[in-house]
**Q** 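One structure follows; several queries about it will come next.
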There are 2 protein chains.
Amino acid sequence: MPKPRIKTMEDLSVAIGVSRPTLSRFFQDPNLIKPKTVARIEEGLERVEYVPNFFATRLNRKSTGMIGVIIPYLNDLFFTKLLEAVEVAAMEAGLSVITKCSHSDPLIEARAAETFMSMNVDGALVTPLGDHSDQAVYQRLKSRLPFVLMDSRPTTMPDVDYVGSDHMQSTGLITEYLCRVGDPPVFLAMPRVNFNALGREAAYIAKMKELGFEPEIIGVDAVNDDGYFEGHGEAVLDKAFAQGQLADRSILCVNDRVAIGAIRAAARHGLTPGRGARGGLRIAGHDDYPLCPYLNPSLTTVAQNTDAIGRKAVSRLLQIIGGSVATDTPEISLFDGELKLRESA
Amino acid sequence: MPKPRIKTMEDLSVAIGVSRPTLSRFFQDPNLIKPKTVARIEEGLERVEYVPNFFATRLNRKSTGMIGVIIPYLNDLFFTKLLEAVEVAAMEAGLSVITKCSHSDPLIEARAAETFMSMNVDGALVTPLGDHSDQAVYQRLKSRLPFVLMDSRPTTMPDVDYVGSDHMQSTGLITEYLCRVGDPPVFLAMPRVNFNALGREAAYIAKMKELGFEPEIIGVDAVNDDGYFEGHGEAVLDKAFAQGQLADRSILCVNDRVAIGAIRAAARHGLTPGRGARGGLRIAGHDDYPLCPYLNPSLTTVAQNTDAIGRKAVSRLLQIIGGSVATDTPEISLFDGELKLRESA
DNA sequence: CATCAATATTTACGTGTGTAAAAGGGAGGA
DNA sequence: TCCTCCCTTTTACACACGTAAATATTGATG
């Protein structure tokens, strides 16, 4: 017994016997209408099938109640974790989020931004690609709507609000830990297209100098070309171990995915990283990728506070939307990382 | 030097000196318009900033050019891989996709479905929750628009198109492999709320009987309650190993995430699964989770053909949208799994 | 220069809803 | 009974664009 389907609010108004503007207000907020009328409307909605047209409702509204989020990868649990935090925060604020993935392609990223602007979203949250994002797109975004960057901060966009981790603190934290408990670490980096990678590299160098050690960086050149972080970490260390190098060193990886590859390379060479044997191989990461506790050995790392980052990004966006804030000077929110001590270092 | 911003196509038409209907057709397909006029329009668009309003363009169109996709989790690389395949296929077909994540909540799933219907999407692709989806939602979805289920097939929805893996084949394949190379495996299952888990369990039983072995199933009851697959696998095996059980058995896990937990439990008890020692511990999974090659030991598993599944789901949707197909009888498309032999079994 | 076809413009109406102002109606109090 | 007051309805317009039919323009051809 399928209910009769009603397409327009007009038709619904005659079916229920309530004027269309009243229905319009009912769907926006039932409290605006007398309880008795509300009851009649709800009773009528029981008998028929009707949903207000998404486009028509948004066409003539000042606020669409939507925010757009752009992330660079889907196949990365860090970003999905961040996205979840954003979605939860947005839901609590009564916003619906439209997610677009740029697949690390500047063109797709630009298209997504265009889409958001054409949809009159109330604001946009963007996790930028490395240095190959089209910064003109960001300029337009900033000039047209509330706009907050997350996780990665392009040097070319100093005037945009930003929420992320304090690499100086987080990378400094694990660097210092590694130095205290064992030999000072080598830094396993990434090809220099990623601002986070650069920031952490700089933080590592600073902390090492502060402690009086000589910084040492490897993995800046791409060894493999499959584009995956794990593959990079494995390839770099596989080569090093094969040449009899690094097998007794502490290795701080730029992020956990690289560290996963690093651990794998160690295993292939019969090495088991861990804090057990002094002077032996140790491997640490950064991010607290969800699988860290389940690796063998489990991965010592620094957790990014994705929950706080997502929550802050949304609340900052709401501030700007609300207009209760000066936007001439950007707000930079950095959250501390938290040491996660496990087996690998 | 910000370009002047133009809001409506009307304003644009006076700014460029081309009629509005001509502009409308230009934005739909420039080929409909004389090259000389196209040049003039494009030249004009260089000088001003204008994007057609998303809602207005969709409001009065027969086809919105959008499809909706619902997945249950974001923090699962299997689903993100599937989503990528869908997005690629959709992009090639000129469709844009709207993704919603239900966070394994039937209410959110239902809301997402409502949203899709109110947006007049051309079709919907849904990866259902386990047995707790609201099937009334699916019924409405099916009655209102082209609708294809992916990955998991509720028994309550036999009349809906479905694209997924052939569990009988894939689970049979790895079961047979394990039986040939070593002792017949135990099946490490999941609490029975997941149709895939049930399907694979049944496939395991069938193959074992076919080969003349006695099926043996563990892990049906939840041991932990954190909701993560890895935690389930680890908890079940940790308990078993602690009791001196299963340490010399072959263990086929219902999926790779459970297997990751299983391997972790083994490591904690000093066990290294692998096909090396006859009669020793072996662990295998299902899905080919992207991290399988990087685990220690790397995980032997059966790859689901997510690429083919995503592609087929989109093409089937396009068929239904095109109307060139009988929808009275559902099409069930099952793809074969492919054995991925690695170290763990 | 006239003619025809291709293309562009004009005109007019449709899409489903938001929103504001004015007019209508019923309940309560004087 | 009359008069507020509050809520609802009516009326009207706005939103930005799709679409179709009729008309005007352009260019090439003869």
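Values below: every heavy atom of this structure, side chains too, minus hydrogens, waters and symmetry copies. All chains are named by letter (A, B, ...) in the order of the sequence lines, taking the proteins before the strands, and each is independently numbered beginning at 1.
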**Q** How is A:Tyr50 classified with respect to the nucleic acid when contacts are heavy atoms under 4.0 Å: base, sugar-phosphate, or nothing?
**A**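 Result for A:Tyr50 = sugar-phosphate.
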**Q** Do A:Glu49 and A:Lys7 sit within salt-bridge range, that is, some charged N less than 4.0 Å from a carboxylate O?
**A**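 Between A:Lys7 and A:Glu49 there is no salt bridge, as every charged N stays at least 4.0 Å from the carboxylate O atoms.
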**Q** Picking from C:dT17, D:dG18, C:dA8, which would you name as closest to the side chain of B:Thr37?
**A**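 Among C:dT17, D:dG18, C:dA8, the one nearest the side chain of B:Thr37 is C:dA8.
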**Q** A:Thr57 or B:Ile33: which one's nearest nucleotide on DNA chain C is closer to the 5' end?
**A**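 Nearest-nucleotide comparison on DNA chain C picks B:Ile33.
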**Q** Check the distance between D:dC13's C1' and A:Glu10's CD and give it to me in whole angstrom.
**A**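 From A:Glu10 CD to D:dC13 C1': 15 Å.
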**Q** Any sub-3.5 Å donor-acceptor pair from B:Lys100's side-chain atoms to B:Phe116's backbone N or O?
**A**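 No, because the side chain of B:Lys100 does not come within donor-acceptor range (under 3.5 Å) of the backbone of B:Phe116.
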**Q** Please confirm whether any donor atom in the side chain of B:Arg20 sits under 3.5 Å from an acceptor in the base of D:dG18, or the reverse.
**A**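 Yes.
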**Q** When you get a sec, tell me which of C:dA8, C:dA20, D:dG18 is the closest nucleotide to the side chain of A:Pro21?
**A**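 Of the candidates, C:dA20 comes closest.
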**Q** Let me know which of B:Asp151, B:Leu317, B:Thr99 forms a side chain to side chain contact (heavy atoms under 4.5 Å, CB included) with B:Leu125.
**A**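 The option that passes is B:Leu317.
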**Q** Of all the choices, D:dG18, C:dT9, D:dT9, which nucleotide is nearest to the side chain of B:Asn60 once you look at every atom?
**A**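 Of the options given, the side chain of B:Asn60 lies nearest D:dG18.
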**Q** Under 3.5 Å, is there a donor on one side chain and an acceptor on the other for A:Arg316 and A:Gln319?
**A**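 Their side chains do contain a donor-acceptor pair, which is all the 3.5 Å distance test asks for.
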**Q** Heavy atoms under 4.0 Å, any strand shown: does A:Thr8 hit a base, just sugar-phosphate, or nothing?
**A**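 Contact class for A:Thr8: sugar-phosphate only.
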**Q** Using heavy-atom distances to pick each residue's nearest nucleotide on DNA chain C, tell me which of A:Gln28 and B:Arg25 is more 5'.
**A**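 Residue closer to the 5' terminus by nearest nucleotide: B:Arg25.
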**Q** Could you work out which one of D:dA16, D:dT8, D:dG18 sits closest to the side chain of B:Asn53?
**A**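 Nucleotide nearest to B:Asn53's side chain: D:dA16.
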**Q** Looking across every strand, which nucleic acid part, if any, lies under 4.0 Å from B:Ile41 by heavy atom: base, sugar-phosphate, or nothing?
**A**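 No contact.
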**Q** Among C:dG18, C:dA8, D:dG18, which nucleotide sits nearest the side chain of B:Thr22?
**A**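 Nearest nucleotide to the side chain: C:dA8.
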**Q** Heavy atoms from C-beta onward define the side chain here; which of D:dC17, C:dG16, D:dG18 lies closest to that of A:Leu59?
**A**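 My answer, after comparing the listed nucleotides, is C:dG16.
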**Q** Considering only side-chain heavy atoms of A:Ser19, which listed nucleotide, D:dT9, C:dT17, D:dT8, is closest?
**A**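 Of all the options, the side chain of A:Ser19 is nearest to D:dT9.
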**Q** Over all strands shown, is B:Leu23 touching base, sugar-phosphate only, or nothing at heavy-atom distances under 4.0 angstrom?
**A**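 Here B:Leu23 touches no strand at all.
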**Q** Decide, yes or no, whether a salt bridge links B:Asp307 with B:Arg311 under the criterion of side-chain N to carboxylate O below 4.0 Å.
**A**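 Answer for the salt bridge query: yes.
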**Q** Starting at atom CG of A:Asp29, determine the distance to atom P of D:dC7, rounded to an integer number of angstrom.
**A**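 One finds 13 Å between P of D:dC7 and CG of A:Asp29, rounded.
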**Q** Would one find a side-chain N or O of B:Ser24 under 4.0 angstrom from OP1 or OP2 of D:dC17?
**A**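 B:Ser24 to D:dC17 OP1/OP2: no side-chain N or O under 4.0 Å.
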**Q** At under 4.0 Å, does any side-chain N or O of A:Lys34 touch on OP1 or OP2 of D:dC6?
**A**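 False: A:Lys34 side-chain N/O out of range (4.0 Å or more) of D:dC6 OP1/OP2.
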**Q** Among the nucleotides C:dT17, D:dG27, D:dT8, which one has an atom lying closest to any side-chain atom of B:Lys36?
**A**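 Of the options given, the side chain of B:Lys36 lies nearest D:dG27.
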